[in-house]
Amino acid sequence: MALTAHDPCQKFLRFAESIPEESTLCIFHTHVADQMTIDMKKQLLSVVEQIGQTRDVFHLYNNIQDKDLHLDEYVNGVKREQTIVETEGHGRWFKWLLKHEALLP
């Protein structure tokens, strides 16, 4: 049986479903997304959004749309997207983009 681009994301979804629903999921990754195809990146974002419809999720990542650090929050099923840090790809510098803003509403 050949693996498809969606299989790793489906495994991730099953893993997330095995964690108690009252637990908030915190998903963090950086350079791993460099190894993903565009379809896999889209599928990962879709799976995170699917999970966020039924539980609170914080997804902190870069290298999906760009090199900047993004935080997608799903709290009570409501999605909030933020770019929180502008970065140089190898970590030589970064610029914090949030201005005294609470991450939670």
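Note that CG of Asp39 is 11.5 Å distant from OG of Ser46, once rounded to the nearest 0.5 Å. Within the model, atoms CG of Asp34 and CG of Asn62 stand 7.5 Å from one another, a figure rounded to the nearest 0.5 Å. Of the inter-residue distances, the one linking Thr54 atom OG1 with Glu17 atom CD reads 8.0 Å to the nearest 0.5 angstrom. The CG atom of Leu44 lies 4.5 Å from the CE atom of Met36; values are rounded to the nearest 0.5 Å. In this structure, CD in Glu73 is found 10.5 Å from CD in Glu81, a value given to the nearest 0.5 Å.
Side-chain atoms of Ile51 and Tyr74, non-hydrogen and from C-beta on, never get closer than 4.5 Å to each other. A 4.5 Å side-chain heavy-atom check between Tyr61 and Leu45 finds at least one atom pair inside the cut-off. For the pair His29 and Asn63, the minimum side-chain heavy-atom distance is 4.5 Å or more. Side-chain contact check for Glu22 versus Arg55: every heavy-atom pair is 4.5 Å or farther apart.
When the side chains of ILVMFWY residues are joined at heavy-atom separations under 4.5 Å, either directly or via intervening members, Phe28 and Val32 end up in two distinct hydrophobic clusters. No continuous path of hydrophobic side-chain contacts links Trp93 to Leu97 [ILVMFWY only; heavy atoms under 4.5 Å]. There is no path of hydrophobic side-chain contacts, each under 4.5 Å, that joins Ile38 to Met40. There is no path of hydrophobic side-chain contacts, each under 4.5 Å, that joins Val57 to Val78.
In this structure a side-chain-to-backbone donor-acceptor pair under 3.5 Å is present from Asp56 to Asn76.
Closest heavy-atom contact between Lys67 and Thr87: O-OG1, 2.5 Å. Leu25 and Ala16 get closest at one heavy-atom pair: CD1-CB, 3.8 Å. Between Leu60 and Leu69, the shortest heavy-atom distance links the atoms CD1-CG, 3.8 Å.
Across Lys11, Gln10, Lys42, a single residue satisfies side-chain contact (heavy atoms from CB on, under 4.5 Å) together with Val47, and that is Gln10. Between His70 and the choices Asp66, Asp68, Asp72, the side-chain hydrogen bond (donor to acceptor under 3.5 Å, both in side chains) rule is met once, by Asp66.
Within 6.0 Å of CD on Glu88 lie more than 12 heavy atoms contributed by other residues, nucleotides or ligands. Within a 6.0 Å sphere centred on NZ of Lys41, other residues, nucleotides and ligands contribute more than 12 heavy atoms.
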